[in-house]
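Both backbone and side-chain heavy atoms feed into the values below; hydrogens, waters and symmetry mates do not.
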Amino acid sequence: MSSSKSGQVGYALVDFSLHGIFPDEDISSHKISVQDLGPALGSLAKARTNLEADIHKINEETAPDVNQWVANAKSLEEDINKSRSWANDIVRRSQAPDVSGKAIQEAEGKVEFLRREVEYNQQVHHALTSVKRVNGLLSQVEQARDERRIIDSLHLLEKSWSALDAIPISKSCRVMKLLDLRAFELKSAVHDVFDRVWDSLIRVEKTSNRVAVFESHEEEQMTLVDAVVGLKAYKEVNQRMALFWHSLNETIVGPRLNIEAQNLPRIQVENSCLTLSGDADKTITSLFSDLDQVLTYLSERLPEELVYSLSNVMMPDLIPHVIGTWLETYVPSSLKEMDQFQTVTEAVKAFCSRLRSLKFSGFEELQDWVDDAPKVWLSKCRETALESVRTKLAQGLGYIVEVERVETQAVSRSEGKELAANGIAPAGDDDDWGAAWDDGGAGAEPDADIETKLKEDDGTDAWGWEEDERVTEQPEASTEQPGGPSGEEDPTEAWGWGEEEAADTVLETRAAQITSVPETQTRDLTLKETYNISSMPETVLALVSAILDDAALLVMSDGSPMAATAAGLFSLPTLVLAMFRAISPYYYTLNTGGNMFLYNDATYLSERLSDITKTWKAREDLTPRAIAMLRIDNDIKAIQSFAGRAYASEMSTQRTVLRDLLGGSQNLIQQDGLHISDLEAQVDNAIAHLRALAGTWSTILSKSAWSQAVGSLVNTIASKLVADVMDLAGIGQDEAYNIASLIARITELDNLFLPPGAPEDAIPATAEYASSWLRLKYLSEVLQSNLQDVRYLWMESELSLYFTVEEVVELIGLSFVDNARTREVVREIEANPQPLGSR
């Protein structure tokens with residue numbers, strides 16, 4: 001901006017300050033730079049000088065008027081005396097008998113006039129005297145200001161304001177406006193002088209990191225104690241202390257509190273100044289020592305009122321920063337660093353006592369922190385434990401670990417023979433496994449564990465996962481899980497609310513399945529299975545074990561200040577496991593087969609937690625109180641229930657996917673506009689999806705769990721197709737051929753249930769895990785048979801085991817023409833509802 005534009009800015013500021021005139025738009029729209037401020041401030045200074053000159057000129061011009069008013073007042077006083085003499089003469093004459101009534105009235109009028117004149121002259125005299133007094137007081141203020149006697153100036157200003165308000169003249173009078181303007185200008189001038197004196201007493205040098213507080217200055221008459229009076233007069237006590245604290249924090253305290261800095265400066269008092277020099281360590285003791293120097297310096301040099309006001313603005317900023325940035329970092333997450341933490345608490349207590357002796361206030365938060373140190377430590381343990389679970393889950397499943405489940409069950413004689421017939425024997429020298437049963441060896445023990453993969457109770461059947469979907473007149477019935485719904489998991493269930501009753505039912509069912517045997521002769525059989533888990537369970541188990549060990553030490557350490565937190569520490573595993581249940585579904589589903597990994601991890605976690613509980617109760621190094629305080633049985637049940645819900649959720653999702661691939665709620669065979677090739681593509685997609693799942697789950701689940709899970713999905717496909725066929729209004733020859741072709745594609749899934757390297761004539765175990773599998777195969781036989789073959793299947797074969805009389809009659813009605821031969825076969829079938837039962 002040019003010099004002419006800078007001058008315009010100065011004139012605009014002057015016009016606005018004197019007359020309240022806003023600048024024109026062409027001037028106000030200009031962008032003002034730092035170089036333009038110098039000329040603008042020069043214009044303001046020039047205007048101020050002119051204004052002061054005008055005020056002095058007005059004072060000089062009005063001085064003769066005031067003198068004249070005084071002279072007039074004396075003249076009026078003489079006139080009053082004369083008027084009083086006239087009044088006495090009039091009274092005397094009025095008493096004369098020769099005076100007429102008219103003369104009396106004239107005399108009374110003159111008396112009234114003279115009385116009003118006297119009152120007016122008295123008022124004028126009083127007003128002029130007050131004006132003279134106020135003017136004199138303002139002159140004294142000006143003189144005190146020039147002599148830098150700030151306190152005297154303030155007292156005189158206060159008197160002048162009171163005297164100005166007492167003058168019985170309208171405020172709109174010119175002389176009142178002039179006096180008011182002069183008083184305001186003097187107040188501003190005194191404040192400017194007060195600022196300069198204050199800056200000489202409180203010095204902050206940000207560039208050199210120095211702060212100095214002086215009680216007085218040799219060149220100034222005002223002391224810090226006097227400054228309190230000035231601050232109160234201007235109502236700036238809190239404002240000044242807030243500004244002082246921000247400057248002190250930026251210059252001295254802030255750099256010392258910056259814990260992230262590589263090198264921390266040390267606070268020292270040199271030449272009556274606070275300054276930063278040298279290097280300080282990052283210990284709490286060193287920090288409190290430096291803060292003590294600062295607070296002691298301020299307490300000794302500032303008046304008590306300023307210390308109180310400084311505390312109100314300093315402590316709400318300083319204490320939370322010290323706690324959040326410094327003290328929280330020294331709170332340990334275990335008992336290993338407890339000695340150092342106790343040293344920190346002692347340092348905090350000493351610092352609080354020092355603050356109290358220095359008459360500082362507002363540090364209640366710090367006092368509460370040290371008083372509640374056990375709670376603070378427990379909160380840190382809780383926060384660290386939960387954060388470690390969340391962090392570990394956020395890092396992914398990690399490495400995969402193969403683990404082994406070992407389970408010993410009492411096996412009946414018939415079950416043992418069946419195992420022996422299937423070629424399953426103990427992995428030891430017990431070569432006479434079958435003979436042991438023939439000899440009635442109910443009490444015999446196996447020489448070694450049986451290492452095999454069996455369709456035994458592995459903890460999954462307790463959830464009802466073997467319950468195959470039954471097909472009656474409806475397409476399919478959904479499987480209900482004892483532990484909860486088979487659909488999506490309610491997020492609130494992850495915290496284990498309401499799971500105790502369901503978990504008890506599951507455990508009772510499991511115990512009944514394990515202990516119930518059909519025959520009295522039993523022997524113990526140890527089964528082994530392997531499955532894969534992620535790295536998450538070991539992390540949780542290590543965390544829980546460390547927490548329990550710390551809690552046990554606290555129970556046995558009555559003298560420890562943290563002993564009161566033992567109960568809270570024993571409850572921490574519940575929160576850890578609740579956190580795992582609450583957030584793990586999200587992170588596990590980010591990985592392929594995540595829900596099955598979650599099922600395995602939760603199952604393994606519950607088993608290991610049960611082992612920890614048993615080991616804990618058997619430990620001889622623990623006190624009875626420590627043993628009794630471990631209560632994670634409900635958490636174990638909640639984890640078991642959680643594992644079941646993870647499995648059920650995955651199975652429900654995959655069943656829905658398979659149904660959608662097979663037409664969803666529509667009948668697969670009666671979809672409008674689709675040819676047999678389209679139907680075959682849908683079936684192939686469903687089969688490919690199931691095979692992909694089977695391949696993924698085979699690297700995760702145990703063999704028995706894999707067989708049950710894949711078998712359940714195979715059963716879903718079979719049930720869907722059987723139900724769709726039964727819903728048809730009629731089945732022609734071509735349509736029967738197409739349906740049989742679709743069934744043939746589906747039955748290729750049999751190879752999933754053959755062991756590796758099985759011979760071609762090996763019988764797959766599909767029907768053991770999919771209840772509708774043989775139903776689907778017999779349906780294919782019926783569709784490809786004539787009437788005589790259907791009769792044979794019912795009367796001589798096993799069709800009656802998988803279809804009811806009504807269903808077979810319905811299939812005959814769909815596939816064959818209603819004639820005498822058809823009605824004869826139907827009557828024969830209806831007459832023999834259980835043909836195999838009569839044999």
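For W706, the ring pair (Phe, Tyr, Trp, His ring centres under 6.0 Å) partners are F753, not counting sequence neighbours. Judged as a side-chain contact (heavy atoms from CB on, under 4.5 Å), and not counting sequence neighbours, R631 has no contacts.
For D750 and T766, the side-chain atoms include at least one donor-acceptor pair closer than 3.5 Å. In this model, no donor atom of one side chain and acceptor atom of the other lie less than 3.5 Å apart for T603 and R405. Side chains of S641 and R645: a donor-acceptor N/O pair is present below 3.5 angstrom, by distance only. A side-chain donor-acceptor contact under 3.5 Å links E538 and Y604. Between the side chains of T696 and T592, no donor-acceptor pair of N or O atoms lies under 3.5 Å.
Within the 4.5 Å cutoff, the side chain of D550 has no heavy atoms near those of the I547 side chain. At least one side-chain heavy atom of L661 sits less than 4.5 Å from a side-chain heavy atom of H689. In this structure, L393 and Y586 have side chains that are not in contact, with every pair of non-hydrogen atoms separated by 4.5 Å or more. In this structure, R390 and Y587 have side chains that are in contact, with non-hydrogen atoms separated by less than 4.5 Å. Residues D601 and V540 fail the side-chain proximity criterion, which asks for heavy atoms closer than 4.5 Å. Contact check for F597 versus L701: no side-chain heavy atoms found under the 4.5 Å cut-off. A 4.5 Å side-chain heavy-atom check between M651 and M596 finds at least one atom pair inside the cut-off. By the 4.5 Å heavy-atom criterion applied to side chains, F803 and E798 are not counted as neighbours.
Checking side-chain atoms of N715 against main-chain N and O of G711 turns up no donor-acceptor pair under 3.5 Å. Distance alone, capped at 3.5 Å, is enough to place a donor-acceptor pair between the E529 side chain and the S704 backbone. With S652 contributing its side chain and S649 its backbone, the two residues share no donor-acceptor pair below 3.5 Å. Side chain of S535 to backbone of L397: a donor-acceptor contact under 3.5 angstrom is found. The closest donor-acceptor contact from the side chain of S712 to the backbone of Q708 lies at 3.5 Å or more, if one exists at all. In this structure, N600 contributes its side chain and I533 its backbone to no donor-acceptor pair below 3.5 Å. With hydrogens and angles disregarded, a donor-acceptor distance shorter than 3.5 Å links the side chain of S388 to the backbone of A385. In this structure a side-chain-to-backbone donor-acceptor pair under 3.5 Å is present from S534 to M536. Under a 3.5 Å cut-off, the side chain of T623 and the backbone N or O of A626 do form a donor-acceptor pair.
In terms of heavy atoms, L662 sits closest to A686 at CD2-CB, 3.8 Å. Heavy atoms only, all atoms of each residue included: F642 and R581 are closest at CE1-O, 3.4 Å. Minimum heavy-atom separation, E748 to R691: O-NH2, 3.0 Å. The minimum heavy-atom distance between P573 and L548, with the atom names listed, is CG-CD2, 3.8 Å. What you find for P332 and K380 is that their closest heavy atoms are O-CG, 3.8 Å. When all heavy atoms of L554 and M562 are compared, the pair lying nearest together is CD1-O, 3.6 Å.
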Full working for side-chain contact (heavy atoms from CB on, under 4.5 Å) between F580 and L598: CA-CA 10 Å; F580 175 78; L598 183 57; 4.0 Å; yes
Worked verdict on Y599 versus I700 for side-chain contact (heavy atoms from CB on, under 4.5 Å): CA-CA 10 Å; Y599 159 68; I700 302 174; over 6 Å; no
Worked verdict on F570 versus V555 for side-chain contact (heavy atoms from CB on, under 4.5 Å): CA-CA 10 Å; F570 270 108; V555 170; 3.6 Å; yes
T574 vs D635, side-chain hydrogen bond (donor to acceptor under 3.5 Å, both in side chains): CA-CA, chis, key distance, verdict: CA-CA 6 Å; T574 298; D635 300 314; 2.7 Å; yes
Pair V403-Y531, side-chain contact (heavy atoms from CB on, under 4.5 Å): steps then yes or no: CA-CA 6 Å; V403 295; Y531 59 96; 3.5 Å; yes
Residue pair R745, E680: steps toward the salt bridge (Lys or Arg N to Asp or Glu O under 4.0 Å) verdict: CA-CA 8 Å; R745 289 175 178 271; E680 289 175 349; 3.2 Å; yes
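The aromatic ring centres of Y778 and Y802 sit less than 6.0 Å apart.
The pair D724-K720 meets the salt-bridge criterion, with a side-chain N (NZ, NE, NH1 or NH2) lying under 4.0 Å from an Asp/Glu carboxylate O.
Heavy-atom contacts from other residues, nucleotides or ligands closer than 6.0 Å to CD of Q395 number more than 12.
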